[in-house]
Protein chains: 2
Amino acid sequence: MVTLSEVAKLAHVTAATVSNVLRNREKVHPDTAARVLKAIDELGYRPNLNARALAEGRSSTLALMLSNISNPFYPEFVLAAERAARKSGHFLMVCNTDDNAETGRAYLNQIAGTLADGVLVMNTDIAISDLYASAMHNAPILLAMWEHPESPPTLPCIAVDFARAGALAAHHLLELGHRDVGLLIGDGCGGLQDARSNGFRAAMLAAGIEADPTAALQIRDSIDAGYAACMRLMANRPELSAIFATNDLLAIGAVQALITLGHAVPDDVSVIGITDIQLAHQVHPALTTVAIQTAAVAELSIERLIGLIQTPEHEPSMVLGPLPELVVRASTGPRRKR
Amino acid sequence: MVTLSEVAKLAHVTAATVSNVLRNREKVHPDTAARVLKAIDELGYRPNLNARALAEGRSSTLALMLSNISNPFYPEFVLAAERAARKSGHFLMVCNTDDNAETGRAYLNQIAGTLADGVLVMNTDIAISDLYASAMHNAPILLAMWEHPESPPTLPCIAVDFARAGALAAHHLLELGHRDVGLLIGDGCGGLQDARSNGFRAAMLAAGIEADPTAALQIRDSIDAGYAACMRLMANRPELSAIFATNDLLAIGAVQALITLGHAVPDDVSVIGITDIQLAHQVHPALTTVAIQTAAVAELSIERLIGLIQTPEHEPSMVLGPLPELVVRASTGPRRKR
DNA sequence: TTGAAAGCGCTAACAC
DNA sequence: GTGTTAGCGCTTTCAA
């Protein structure tokens, strides 16, 4: 490995000067700088990032904790987060906790404040109190995708107005004339998605439509579960003309269940989800959904986390992410006349 | 931040002893060890991994380079790789190159041998010669998922016998009586999937069935592309009774296209893919495919990479991953009598 | 503008 | 068993 001082020797300067060339260029004479640059090039010098981190007291990596990256929602977030991190000179460490609080705590203990300067937390399986303790002792923690803007947590967070997302879905279905709507409520690695269903129900109620508890199912967060639940729902409540799912995975499963049952989507039954994952526009019929701007939220999260690292705050603060937006595709249509 | 020497002071020993307690426990007296442990606990000491990496001359993180994690195949690999890495005390840094060779080279330059002790490379957009140079100067590089076991690269790799996967698909379709099979050949972030299609064609040829070039389409690696290509294929060649796709994404797109066209799957047309991504068993009808044991390959890759780091070799070597296996689900069936 | 020197937190000989 | 010492490669005052 080529070190700073080898470069220094070749350029007939001292390590400090090489270091200066690498950072605040102004301070060094153009001629020496050129000599140093030449030496760096000849030797193929690359700074040792661990040494730099040790000397500077801060690393250049960020950690992203999530329960399980194989849920299709996460990769999109990770991609955008990694791009944003890279843009600002940071690396991204991915930490799957496998829905295991112990694993999460272990990660926090090992990397927060040493390998990683800050941690973006997406999963809810770690107790806020543990996170809080780690944030106090080790390094800033930012909660990405906080689902309850109305009740800020004791840590900084990016909040997404999921209740609004649910309401948008309701308005869309109402406009199309739907009254009998089944609910598929996800309870996955991000926790129970009740902000979404509550927002939906409130909007329906505002239109005079009372929620029917027998038309709602609370299920695990996957296509499979959505499929199975929709099957049950339609068996019990054949009069439903639309399904609202709190996330796209469930909605995609529901669409498939309906097709399997011989219902046309959207002619017989409409389906709407939330999130707008990539899959949503790739399935057929393409899914109508409420986009929560995953990539934008990811970028915002990274920016905010970096801000927190540079100028730590003592008060937790919440920033609201981009507002959810309805994306009308092919899985919703007017209620069928019967 | 609590340091080793603060712990040492509290325990009335020296830093070296604390360090010894943390690593080779035998060397230190049980009583002192207990005192040290107590001090560590009281102070909430956590080792600084950067300092350790610097002192030891090796870090505890591994890097995984891929072109774009939002392709559903990667998250499954990443999940398994991260678990394997964690099991052996390593962290995983995810590097998306966005199909950009320059980004890949930059990553390699910045982290190989400093932040990361080894790099698992999944994408083919970086020239092997660049990888080779980096492996020589910086840190071991392992090519995961090498698609051509018959021609080993100049770097260590885990090879997967994709030709065999193609052949298995062919045998399955042949057994079901299919003769007119359309080919969807992916050309995505992992490069042109020709080993798979060649394996398929060879197996068909061995059964006396010549490949018809007009029944094969080479397309980008996505559900969308599979959908569109299948539409075209069926328009041109309505007599096809089966579709073989070199990966599951394409196959899933194809199934949707067939359903949209009013063909029953598998009663009218059978569809088979390769990989067995999670989505494959979640769609309806569930996809018949050839599993390449993604998780097992990921674990093997991590183990091998760690081996390479510990005892570097000077000869590149190839190890063959688990053999592909046919997974029969609901998207294939006997050729329809006409 | 450049150099000398100290130190980041830890490990690893080697002595005692 | 435990302490002493010397780095690991870099940054950063502070002098010159």
Side-chain angles (χ1 to χ4, degrees), chain A residues 1-37 39-40 43-61 89 110-117 137-139, chain B residues 1-37 39-40 43-61 89 110-117 137-139:
Chain A
M1 148 168 260
V2 184
T3 70
L4 245 204
S5 59
E6 298 181 50
V7 173
K9 203 188 305 177
L10 182 60
H12 301 295
V13 292
T14 168
T17 303
V18 179
S19 181
N20 277 333
V21 172
L22 260 40
R23 2 209 81 248
N24 29 318
R25 295 215 162 188
E26 322 89 46
K27 301 186 61 172
V28 42
H29 192 94
D31 292 357
T32 18
R35 246 180 22 248
V36 168
L37 258 11
I40 286 178
L43 261 28
Y45 167 79
R46 302 169 320 123
N48 181 322
L49 266 20
N50 280 306
R52 180 174 286 178
L54 182 59
E56 288 185 332
R58 60 193 165 77
S59 79
S60 51
T61 110
Q110 293 183 93
I111 67 177
T114 72
L115 282 192
D117 276 351
H137 298 312
N138 309 328
Chain B
M1 150 170 256
V2 183
T3 70
L4 246 203
S5 59
E6 299 183 49
V7 173
K9 202 188 302 173
L10 182 60
H12 301 295
V13 291
T14 167
T17 303
V18 180
S19 183
N20 277 334
V21 171
L22 261 38
R23 6 206 79 248
N24 28 320
R25 296 215 161 188
E26 322 89 46
K27 300 188 63 174
V28 43
H29 190 95
D31 292 358
T32 19
R35 241 176 31 243
V36 168
L37 258 12
I40 286 177
L43 262 28
Y45 166 78
R46 302 169 319 123
N48 181 322
L49 266 22
N50 280 306
R52 180 175 284 177
L54 182 58
E56 287 184 332
R58 63 194 164 76
S59 79
S60 52
T61 110
Q110 293 184 94
I111 66 177
T114 71
L115 282 191
D117 276 351
H137 299 312
N138 310 330

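Convention: sequence-line order gives letters A, B, ...; per-chain numbering from 1. Small disclaimer: the values here were computed from a predicted structure and weren't measured.
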What is the minimum heavy-atom distance between B/Arg58 and B/Asp117, and which atoms define it? CB-OD2, 3.3 Å
Looking only at heavy atoms, what is the nearest atom pair of B/Ala15 and B/Ala8, with distance? N-CB, 3.6 Å
Over how many whole Å does the gap from A/Leu4 atom CG to C/dG3 atom P extend? 13 Å
Whole-Å distance separating the CZ atom of B/Arg23 from the C1' atom of C/dA13: 15 Å
Rounded to whole Å, the CD-P distance (B/Glu56 to C/dG9) equals 17 Å
For DNA chain D, whose closest nucleotide is more 5', that of A/Leu54 or that of A/Asn20? A/Leu54
Comparing A/Arg58 with A/Ala51, nearest DNA chain D nucleotide closer to 5' gives the residue A/Ala51
Once you round it to whole Å, what is the distance between P of C/dA13 and NZ of B/Lys27? 9 Å
Rounded distance in Å - CG (A/Asn24) to C1' (C/dT1): 12 Å
Winner on side-chain proximity to B/Ala55, out of C/dA12, C/dT11, C/dT2, is C/dT11
Where the side chain of A/Thr14 is concerned, which of C/dT2, C/dG3, C/dA13 is the nearest nucleotide? C/dG3
Let me see the working for B/Thr61 and B/Ser59 under side-chain hydrogen bond (donor to acceptor under 3.5 Å, both in side chains), right down to the final yes or no. CA-CA 6 Å; B/Thr61 110; B/Ser59 79; 4.6 Å; no
Looking only at side-chain N and O atoms, does A/Thr17 come under 4.0 Å of OP1 or OP2 in C/dT2? no
Tightest non-hydrogen contact, residues A/Arg46 and B/Gln110, listed as NH1-N, 4.2 Å
Judged by atom type as modelled, is there a donor-acceptor pair below 3.5 Å linking the side chain of B/Asn48 to the main-chain atoms of B/Ala51? yes
Please lay out, stage by stage, how B/Ile40 and B/Leu22 fare under the test side-chain contact (heavy atoms from CB on, under 4.5 Å). CA-CA 10 Å; B/Ile40 286 177; B/Leu22 261 38; 3.4 Å; yes
May I have the distance from B/Ile40 (atom CD1) to C/dC10 (atom P), rounded to whole angstrom? 10 Å
Specify the closest pair of heavy atoms between B/Thr3 and B/Tyr45, including all atoms of both residues, with the distance to one decimal. C-CE1, 3.6 Å
Go through C/dT2, C/dT11, C/dG9 for me and flag the one nearest to the B/Arg52 side chain. C/dT11
For a 4.0 angstrom threshold against heavy atoms of chain A, report the outermost contacting nucleotides of DNA chain D in 5' to 3' order. D/dG9 to D/dT12
